[in-house]
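The next block holds one structure in the form of structure tokens; read it before the comments.
As the structure is a computational prediction, the values presented were derived from the model and not from experiment. Naming: A, B, ... by sequence-line order, numbering from 1 per chain.
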Amino acid sequence: MKQLNIQETQNMLLFMAERLMASKELLCEIDGKVGDGDHGFGIERGFKAVKAMLEENTYATINELFKASGMTMLHSMGGASGVIFSQLFLGAAAIPEEEKLTSEILAQVMRKGLEKIKATGKAQLGDKTMIDALEPAVLELEQESSGSLEEATGKAMLAAENGVEKTKEYPAKFGRAKFVYERSIGVQDAGATTVFLMFEAMHTYISQQNE
Amino acid sequence: MKQLNIQETQNMLLFMAERLMASKELLCEIDGKVGDGDHGFGIERGFKAVKAMLEENTYATINELFKASGMTMLHSMGGASGVIFSQLFLGAAAIPEEEKLTSEILAQVMRKGLEKIKATGKAQLGDKTMIDALEPAVLELEQESSGSLEEATGKAMLAAENGVEKTKEYPAKFGRAKFVYERSIGVQDAGATTVFLMFEAMHTYISQQNE
Amino acid sequence: MKKLINNVEDVVAESLEGFLMANRRTHQQVAGVNGLVVNDINKKKVSVITGGGSGHEPVFIGLTGEGMADGAALGSVFASPDPHTILEVIKGANTDEGVLCLVINYAGDTMNFGVASELAELEGINVATALVTDDVASAPKGQEEERRGIAGLLLVTKVTGAAAQEGYTLTETKQVAEKANENIRSLSVALTPCSLPGSKANFTIEEDAYEFGMGIHGEPGIQKKKLQAADKIVEEMVTVIADDLELQEADEVVVLVNGTGATSLLELNIVHRQVGKLMENKGVVIYDSIIGSHCTSLEMAGVSISMLRLDAELKRLYNAPAYTPYFYKRGEQT
Amino acid sequence: MKKLINNVEDVVAESLEGFLMANRRTHQQVAGVNGLVVNDINKKKVSVITGGGSGHEPVFIGLTGEGMADGAALGSVFASPDPHTILEVIKGANTDEGVLCLVINYAGDTMNFGVASELAELEGINVATALVTDDVASAPKGQEEERRGIAGLLLVTKVTGAAAQEGYTLTETKQVAEKANENIRSLSVALTPCSLPGSKANFTIEEDAYEFGMGIHGEPGIQKKKLQAADKIVEEMVTVIADDLELQEADEVVVLVNGTGATSLLELNIVHRQVGKLMENKGVVIYDSIIGSHCTSLEMAGVSISMLRLDAELKRLYNAPAYTPYFYKRGEQT
Ligand SMILES: Nc1ncnc2c1ncn2[C@@H]1O[C@H](COP(=O)(O)OP(=O)(O)O)[C@@H](O)[C@H]1O
Ligand SMILES: Nc1ncnc2c1ncn2[C@@H]1O[C@H](COP(=O)(O)OP(=O)(O)O)[C@@H](O)[C@H]1O
Ligand SMILES: [Mg+2]
Ligand SMILES: [Mg+2]
Ligand SMILES: [Mg+2]
Ligand SMILES: [Mg+2]
């Protein structure tokens, strides 16, 4: 599959919302190790709101779809990840209007999102945040941007997974966990885990469409 | 041994104080089952004060000795048992002055104490209070009042022990435990346990003197 | 349960010392005992004192202040103060108009206050006692005087302190305390037990259970129940209280939602929400509500609900200004 | 940990509802969001608002009232409110003189307040932000602006609210908040963890250990230490605070001994006693002390100590009257 239309993209986001909502406990547990244990609740709140919104509305462009999702997350989640994760979707505001989702479009949305996140949160690769999963995933998307969505999301997912593993090695410099700088070594980052789960959900949805 | 002089009686009370202080945890645990778990602390406070007082002072009569002990308990323990247990010793105020402790004098002190306790606390035999240990013990003391102190305190101790066992059968009608009326069945009374330990201490002290 | 203390025996004395260091502008120690009185006792009005075991903070220290109690006698944790302590507080608070003791109805408290009152009378002090028996769970209707006292003490102290301030005589002040007590009911539940400093918890409450009908000393409740949603628990509590108080439509009440220690205000507010809804359904008017941890059992998680039915006199007295370190009322409510 | 709640998702909204039912004479909800403002916003003075995650009650609701904050935006438990909620509270509190946001320095809070402020400015509202960064444990000296905010927020809100009341401009009000923040240090320790509604505790603290340098969200502290007597723990805390604040002989401070949830007032007073002794040894004057559970982490057992160094301006502002549902100051202290 090389592209999704708007409705299919919307269904993919719905599928992602379900998957992430179901990961609440896992994400709380990870966040609880060195953070405050609420990441799963925030993610659940955000994706629950996104799901409700997507079930009610239709969109004329891919950009509108992503932007609406981002705005919904921004105004429903709260917490650090509310602003951070919503900006990932709001990246769609910075690219030309599209009616199809291709590997290239997805790469562009996520690249813009990544830039916004870095500008807002000031974190860089290696700071033990969701960026450690997101940045390598975006790089893969960009490399695979002429290939199939299945291949692109699959590689991005593996890169994100690898990024999650790497977060275990770093001390946290941003977010709640930064206050336990040394004690955070060995613990994986919650937000990075969410990024992996998001790519995993996209990849699973797209693979299922191919069958 | 048929009698103790004032100094020996004082030593017996010191010995009792040590023994009861050492029973703090046991008494707290028993009180905690259906009461508020502080009986051991109160008994420790009272006997600690008694011990300090006895180590500092000498007395001209048995009555003074017991009265001073009772007043010290009254003004140091607090709680229900502060008033109740101090009155056991304050019973000595109601009998003629004595310079020796015999089984008969002991029986008289305890009888008067029992009466005061009943008048103040309104509890009767079978109400699951320290009276269930004290009343049978006083009866034994009275029956053995012409015999040796060792025999008298030994029988009183056994009667008290038996009384403690009986408290398990009754529901509480007085003190903290009364509020858990039915749930208190099967649990022994803390104050009754203290009465047994007091008689046990007296008996042990007197037996050791005989050796 | 770990605690921020030094020696178990010094807990009450050190705590009082720390309290007084922070409140020296308004409070002072009664020399030689674990007791305190407000500064500048007004000799021309009845003094109201209270007291009991420690571990219920802010009760009893937090009940002392302008328009509330004038002094408090403090016992060891969960143990009534001894008569000597009480006597010294009575003497420290004594005025030309006499001293009223507000005592929660536990055997230890009534006996020790009883002995202390006798001693005070021997010293020529005019002293009276009013008992607080607000806990509906502790004895059936018809045996109200057997009931123990719990968090309702706050509200009884509020109106009684105001009466003394207004110049009521000792007898009148006692009467108003009794009237408040007749019009107040409370009920308490616990989700977790507490432990005395230096002890383990007395008993356990299973993860799916709560204790119904608690006193304030960490004793087990009268019944163990299966845990439910807050609204359900509150409904059971309010039903018992409202029935016992025979609340009628258009009655006016003051509500106290009291945390017993580890209960967050987040939860207490949720409890109050349901109390409000249930009262609205009954047509009972909540004149005012107090939500907070005023009468605690150390670190016990739980809540008590109290309701005081108002008449014109009690309402006026409730509305009078009051300022303690942990409770205030500006007296301007309309 | 069992809790008195209904549904996990409804905790904050229901709690706010319950709070407002009890405080309708002084407070009102901001329509559509979990936020509140005081009744009768004074349009002629700067409004001060605050907000953050829930689970710290009485913070943030308990900071709102006469002479304190004019509104508060409430997030989910331990999560900053979203920008929409904050924006609505800013709008609800807005005046001719503008709105100052008092925000504790956590990434979530600064980001969400940041977005909300941008949105407010787009709507023509004059809005400014002052951060509270009182926690000495969270970043070394020299990096004060990196530090997180904890219980010191109460004292910063006290003086900032008073400044707004006195008629300070928005810029001046912000400056006084910053000055208070520069002169305040806090440190927090925990004996037990807490658990979010619907979760287990995040981590455990052994029976012989405590966590040193806690935030207010139940995260682990910066260090685990072996449990000691309260006086020792307090000494360690006070030493860090006094050194960082560079307290000098004859300095005047306000002390806040803050319980984090399950800590009894009995313990807090013992903590305060030792703080008082240590300050006396140093020749530092404690102008006033606040002892209570003002900024909590659900049912966590622990304590934070805050010190605010006063100058003439801060003292005057501290002394101004203030009345919130959980804090008052009569303003007559001499
Ligand atoms: N400055 C930042 N830049 C990027 N990601 C961040 C930043 N701060 C926090 N995060 C991400 O947010 C996650 C925590 O989110 P969450 O627990 O929901 O918020 P909070 O920290 O407010 O409790 C972290 O695991 C991290 O990945
Ligand atoms: N009315 C009473 N008459 C006799 N003994 C009583 C009475 N009330 C209580 N007691 C005794 O006191 C004991 C409890 O003492 P303690 O725990 O020290 O006091 P408190 O009940 O105030 O916590 C009970 O076990 C019982 O034996
Ligand atoms: Mg978190
Ligand atoms: Mg007891
Ligand atoms: Mg007791
Ligand atoms: Mg959070």
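- Contacts of D/Val271 with chain C are made by side-chain atoms alone, with heavy-atom separations under 4.5 Å and no backbone atom involved.
- For a residue to count as touching a neighbouring chain, one of its non-hydrogen atoms must lie under 4.5 Å from one of that chain's; by this rule C/Ile5 touches chain D with backbone and side chain alike.
- In D/Lys232, the NZ atom is not crowded: 12 or fewer heavy atoms of neighbouring residues, nucleotides or ligands sit closer than 6.0 Å.
- For C/Asn39, the CG atom sits in a packed shell: over 12 heavy atoms of surrounding residues, nucleotides or ligands are nearer than 6.0 Å.
- Between C/Leu191 and D/Leu4, the closest side-chain pair of non-hydrogen atoms falls below 4.5 Å.
- Atom NZ of D/Lys200 has 12 or fewer heavy atoms from other residues, nucleotides or ligands within 6.0 Å.
- Note: C/Glu57 leads C/Met1, C/Met300, C/Glu57, C/His56 in heavy-atom pairs under 4.5 Å with chain D.
- Atom CD1 of D/Ile61 sits about 5.0 Å away from atom CG of C/Leu265, to the nearest 0.5 Å.
- Separating the OG atom in C/Ser15 from the CD atom in D/Glu267 is a distance of 9.0 Å, to the nearest 0.5 Å.
- Looking at heavy atoms from C-beta onward, C/Asn6 lies in side-chain contact with D/Arg273 at the 4.5 angstrom threshold.
- Minimum heavy-atom separation, C/Tyr287 to D/Arg25: O-NH2, 2.8 Å.
- At most 12 non-hydrogen atoms from other residues, nucleotides or ligands lie less than 6.0 angstrom from NZ of C/Lys282.
- Contact check on D/Glu17 versus C/Lys277 returns a salt bridge, with a Lys/Arg side-chain nitrogen under 4.0 Å from an Asp/Glu carboxylate oxygen.
- Interface remark: D/Val77 contributes side-chain atoms only to the contact with chain C (heavy atom separation under 4.5 Å).
- Of the listed residues C/Ile205, C/Asp208, C/Asp231, C/Val189, the one with more heavy-atom pairs under 4.5 angstrom with chain D than any other is C/Asp231.
- For chain C, no part of D/Thr296 is nearby; none of its heavy atoms comes within less than 4.5 Å.
- Interatomic distance, D/Leu266 CG to C/Lys3 NZ, rounded to the nearest 0.5 Å: 9.0 Å.
- A distance of 9.0 Å separates CD of C/Glu299 from OG1 of D/Thr192, quoted to the nearest 0.5 Å.
- Per-residue heavy-atom pair counts under 4.5 Å with chain C were compared for D/Ala229, D/Ser289, D/Ser264, D/Ala22, and the maximum is reached by D/Ala22.
- For the residue pair C/Phe327 and D/Tyr328, the shortest heavy atom distance occurs at O-CE2, 4.2 Å.
- For the pair C/Tyr210/D/Lys2, no side-chain contact is recorded, criterion being any heavy-atom separation below 4.5 Å from C-beta on.
- Within the 4.5 angstrom heavy-atom criterion, only side-chain atoms of D/Thr263, from C-beta onward, approach chain C.
- Looking at D/Leu268, neither its backbone nor its side chain comes within 4.5 Å of chain C, counting heavy atoms on both sides.
- Contacts between D/Glu280 and chain C at a heavy-atom distance below 4.5 Å are absent for every atom of the residue.
- One distance of note links CZ of C/Arg24 with CD1 of D/Ile286; it measures 8.0 Å at 0.5 Å rounding.
- Side-chain contact between D/Met279 and C/Met21 is absent, with no heavy-atom pair separated by less than 4.5 Å.
- Using a 4.5 Å cut-off between heavy atoms, D/Ile291 contacts chain C through both its backbone and its side chain.
- Looking at D/Tyr326, only its side chain comes within 4.5 Å of chain C, counting heavy atoms on both sides.
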